[in-house]
Amino acid sequence: METKFYRGVWVTKKSLTGFFESFIDKQPIFTDKKVLQSNYTPDFVSHRDEQVSQIGKIIGPALRKERPSNIFIYGKTGTGKTLTATYTTQQLNDVAKEKNIPIQILYLNCKLKKIADTEYRLIAQLTRELGREIPATGLPTDEIYKIFFQIIEEQGKIIIIILDEVDQLIKKAGDEILYNLTRINSELKKSQISIIGISNDLVFADNLDPRIKSSLSEEEIVFPPYNALQIQSILKERSKKAFKEGVLQPGVIEKCAAYAAREHGDARRALELLRVAGEVAERNNEEKVMIEHIDQAEEKIERDRVLDIVMTQPKQHQATLYSIIKTKEINKKIFTGEAYEFYKSLCNRISLRPLTQRRISDIVAEFDMLGIINASIISKGRYGRTREIELAVPDHNIRKITEILEEGLELS
DNA sequence: AGGTATTCACATGAAACTATTCTCTGAGTTAGG
DNA sequence: TAACTCAGAGAATAGTTTCATGTGAATACCTGT
């Protein structure tokens with residue numbers, strides 16, 4: 001019998017056959033799980049009527065071949081921004097297609113690494129969506145702009161570009177892109193573009209160049225968080241399709257909703273929670289989803305998230321985290337300098353080229369952002385200023401993390 | 001005692017550097033006519 | 001002569017290093033009582 005440690009899980013080859021067989025006669029809990037996945041677009045959007053009609057009114061003129069105003073959409077995560085935007089534009093697109101009006105919708109998520117997170121890549125990706133292959137690298141940026149410009153002009157359409165999570169893009173690549181994009185219109189003869197920017201960050205536009213801000217947010221729409229009742233109704237709607245009838249115990253939906261409402265009305269999280277709760281129940285061979293499963297799901301989501309982050313971290317980052325954990329074992333409170341000392345000796349041990357403290361400082365800050373550690377800057381007066389680092393992971397997960405790190409760093 | 005000035009140990013910022021991946025171009029090479 | 005190969009120049013990008021500057025409060029140092 002063979003057992004090995006694979007991607008943070010112990011895998012055994014024993015009795016796999018029987019294991020798979022049990023799947024066949026198991027009563028399924030789900031009828032259609034993808035309804036609960038975050039990329040699912042339902043047939044209609046609930047509790048967002050007002051926003052839908054606002055957007056509709058703004059982009060409607062596109063049907064008369066007029067350029068719609070640029071729209072800026074704000075709202076926290078899981079408030080249905082992306083969904084509403086794609087839904088309305090999709091409707092518009094359907095009508096346009098029927099009446100043969102040349103409109104094209106481009107949706108782009110600026111957060112996606114390697115796809116649309118820099119100026120070059122954004123334009124390149126847009127051009128690709130318009131049906132022209134662009135190499136990933138090697139060309140000057142203005143060359144890409146030229147091609148982009150040319151292909152838009154060729155198409156002679158009204159093009160609506162949805163930029164999801166623009167704040168991420170601006171943070172990484174600066175606001176010139178938006179400026180260039182809005183400016184292009186004045187040079188276009190046959191086509192026009194209009195931009196729908198979506199942002200999670202409510203204050204993000206404030207530190208934007210005023211020119212860009214005014215041209216980008218000709219119209220602004222704010223998405224308020226859902227309240228608990230709205231989330232409940234969304235969950236009910238979706239679960240009707242996703243689960244077999246009667247599998248959900250009473251109170252399950254209410255609890256999911258309550259949990260999500262606690263976190264500023266994040267519907268996405270509520271849906272994920274419900275889905276994972278279902279998976280947990282399924283895995284436990286139970287026929288009903290019970291309230292306890294939600295707690296388990298909550299824990300599992302968090303645990304998976306952390307383990308996944310740790311596992312996919314590059315070596316230097318892993319070494320840093322390992323140093324933090326190990327230094328932590330000795331002292332209760334640790335500071336950047338102490339972790340760095342350990343890190344240096346660790347590098348020596350595993351023959352890894354040590355990075356400067358400057359860099360480690362940034363890596364520590366990154367882990368803080370990811371929520372793996374809590375690092376707060378404190379001043380120890382005469383004895384300097386530093387980050388005080390604490391682990392933000394429950395104790396029972398640390399052992400697992402250490403294991404993964406030792407695996408990744410080839411320590412034994 | 002009360003008020004300033006110092007000082008520590010990093011944090012934070014900006015710019016420059018390195019390595020990798022990829023395109024484009026033009027010189028040199030090859031093979032067929 | 002057309003097709004092909006291949007090296008070199010130039011770009012974009014991620015990850016770092018180098019250099020420079022910033023910073024909060026515990027202490028050291030004054031001051032006048």
Side-chain angles (χ1 to χ4, degrees), chain A residues 108-129 132-151 165-166 168-181 207 209 309-324 327-328 330-348 350-370 372-390 392 408-409:
Chain A
L108 218 52
N109 189 330
C110 305
K111 197 182 61 179
L112 294 178
K113 293 230 154 138
K114 305 265 181 191
I115 294 188
D117 59 346
T118 67
E119 182 170 17
Y120 180 97
R121 295 216 258 248
L122 180 85
I123 304 297
Q125 186 59 30
L126 287 172
T127 316
R128 268 194 281 268
E129 305 242 335
R132 169 87 155 266
E133 273 316 303
I134 295 288
T137 169
L139 297 180
T141 308
D142 41 339
E143 195 70 21
I144 301 292
Y145 266 109
K146 254 183 238 162
I147 300 174
F148 178 61
F149 186 86
Q150 190 191 330
I151 199 162
E165 317 207 26
V166 256
Q168 300 287 323
L169 177 70
I170 303 306
K171 213 162 59 189
K172 274 199 67 178
D175 47 15
E176 259 177 57
I177 311 153
L178 292 180
Y179 180 66
N180 290 337
L181 227 42
N207 31 28
D209 187 314
I309 289 172
V310 172
M311 233 181 298
T312 54
Q313 224 45 232
K315 222 168 188 178
Q316 294 286 7
H317 293 227
Q318 290 191 338
T320 309
L321 186 57
Y322 188 73
S323 305
I324 291 171
T327 315
K328 188 87 186 152
I330 307 164
N331 293 356
K332 206 80 216 125
K333 291 194 165 163
I334 66 164
F335 307 111
T336 312
E338 295 164 357
Y340 185 64
E341 283 310 309
F342 188 98
Y343 163 82
K344 269 199 294 191
S345 65
L346 174 70
C347 283
N348 204 13
I350 59 173
S351 56
L352 188 68
R353 197 174 57 83
L355 301 176
T356 38
Q357 183 158 341
R358 174 71 186 82
R359 181 64 186 133
I360 297 302
S361 174
D362 279 349
I363 293 177
V364 169
E366 279 172 44
F367 277 124
D368 184 33
M369 290 282 289
L370 288 169
I372 310 273
I373 60 175
N374 285 327
S376 47
I377 301 140
I378 55 155
S379 178
K380 291 183 291 168
R382 194 71 222 267
Y383 305 103
R385 219 163 105 88
T386 181
R387 282 198 177 88
E388 185 181 275
I389 303 170
E390 274 175 77
L409 296 168

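Note that the structure is predicted; figures quoted are calculated from it, not measured. Chain letters run A, B, ... following the sequence lines, proteins first and then strands; every chain starts at 1. Values below: every heavy atom of this structure, side chains too, minus hydrogens, waters and symmetry copies.
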Side chain to side chain, [X] and [Y], heavy atoms closer than 4.5 Å:
X: A:Lys333; Y: A:Glu390; answer: no
X: A:Asp142; Y: A:Lys146; answer: no
X: A:Arg132; Y: A:Phe148; answer: no
X: A:Lys380; Y: A:Arg385; answer: no
X: A:Gln313; Y: A:Leu370; answer: yes
X: A:Ile373; Y: A:Leu321; answer: yes

Answer yes or no: does a side-chain N or O of [X] lie under 4.0 Å from OP1 or OP2 of [N]?
X: A:Arg358; N: B:dA14; value: no
X: A:Lys172; N: C:dA14; value: yes
X: A:Arg353; N: C:dG15; value: no

- Query: If each of A:Ala365 and A:Gly381 is mapped to the nucleotide of DNA chain B with the nearest heavy atom, which maps nearer the 5' terminus, i.e. the 5' end?
  - Reply: A:Gly381

Pairs under 3.5 Å (N/O, protein and nucleotides 16-20 of chain B):
none

Mind listing the closest non-hydrogen atom pair of [X] and [Y] along with its distance?
X: A:Tyr340; Y: A:Leu355; answer: OH-O, 2.8 Å
X: A:Asp368; Y: A:Asn374; answer: OD1-CA, 3.7 Å
X: A:Ile389; Y: A:Lys328; answer: O-NZ, 3.7 Å
X: A:Tyr343; Y: A:Ser323; answer: CA-OG, 3.2 Å

Nearest whole Å is fine: how far is [N] [atom2] from [X] [atom1]?
X: A:Leu169; N: C:dT13; atom1: CG; atom2: C1'; result: 15 Å
X: A:Gln313; N: C:dG15; atom1: CD; atom2: C1'; result: 14 Å
X: A:Ile144; N: B:dT23; atom1: CD1; atom2: P; result: 11 Å
X: A:Ile378; N: C:dA25; atom1: CD1; atom2: C1'; result: 11 Å
X: A:Asp142; N: C:dG10; atom1: CG; atom2: P; result: 15 Å
X: A:Ile147; N: C:dA12; atom1: CD1; atom2: P; result: 13 Å
X: A:Glu133; N: B:dT23; atom1: CD; atom2: P; result: 11 Å
X: A:Glu366; N: C:dA14; atom1: CD; atom2: C1'; result: 12 Å

Between atom [atom1] of [X] and atom [atom2] of [Y], what is the distance when rounded to the nearest 0.5 Å?
X: A:Arg128; Y: A:Ile147; atom1: CZ; atom2: CD1; answer: 11.0 Å
X: A:Glu341; Y: A:Thr336; atom1: CD; atom2: OG1; answer: 12.0 Å
X: A:Lys344; Y: A:Thr356; atom1: NZ; atom2: OG1; answer: 11.0 Å

Atom pairs and distances, donor-acceptor, side-chain atoms in residues 357-365 of chain A, under 3.5 Å, two or more places apart:
residue	atom	partner	partner atom	Å
A:Arg358	NH1	A:Asp362	OD1	3.0
A:Arg358	NH1	A:Asp362	OD2	3.2
A:Ser361	OG	A:Arg387	NH1	3.2

- Query: For A:Gln316, which contact category applies under a 4.0 Å heavy-atom criterion: base, sugar-phosphate, or nothing?
  - Reply: sugar-phosphate

Short heteroatom pairs, N/O only, protein and nucleotides 4-7 of chain C, under 3.5 Å:
none

Pairs under 3.5 Å (N/O, protein and nucleotides 9-11 of chain B):
residue	atom	partner	partner atom	Å
B:dA9	N3	A:Arg385	N	3.2
B:dC10	O5'	A:Gly337	N	3.4
B:dC10	O4'	A:Arg385	O	3.4
B:dA11	OP1	A:Thr336	OG1	2.8
B:dA11	OP1	A:Arg387	NH1	3.2
B:dA11	OP2	A:Ser361	OG	3.0

- So which one's nearest nucleotide on DNA chain C is more toward 5', A:Thr118 or A:Gly138?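 First, find each residue's nearest nucleotide; the 5'-ward one identifies A:Gly138.
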
- Note on the structure: Sorted by position of nearest nucleotide on DNA chain C, 5' first, the leading residue of A:Leu355 and A:Ala136 is A:Ala136

Can you list, pair by pair, the side-chain donor-acceptor contacts under 3.5 Å of residues 110-120 of chain A, counting residues two or more places apart and other chains?
residue	atom	partner	partner atom	Å
A:Asp117	OD1	A:Arg121	NE	3.1
A:Asp117	OD1	A:Arg121	NH2	3.4
A:Asp117	OD2	A:Lys172	NZ	3.1
A:Thr118	OG1	A:Arg121	N	3.2
A:Glu119	OE2	A:Tyr145	OH	2.9
A:Glu119	OE2	A:Asn180	ND2	3.2
A:Tyr120	OH	A:Pro135	O	2.9

- Helix axis bend for the helix from B:dA1-C:dT31 to B:dA31-C:dT1 - C1'-based end axes, five pairs, 10° rounding: 20°

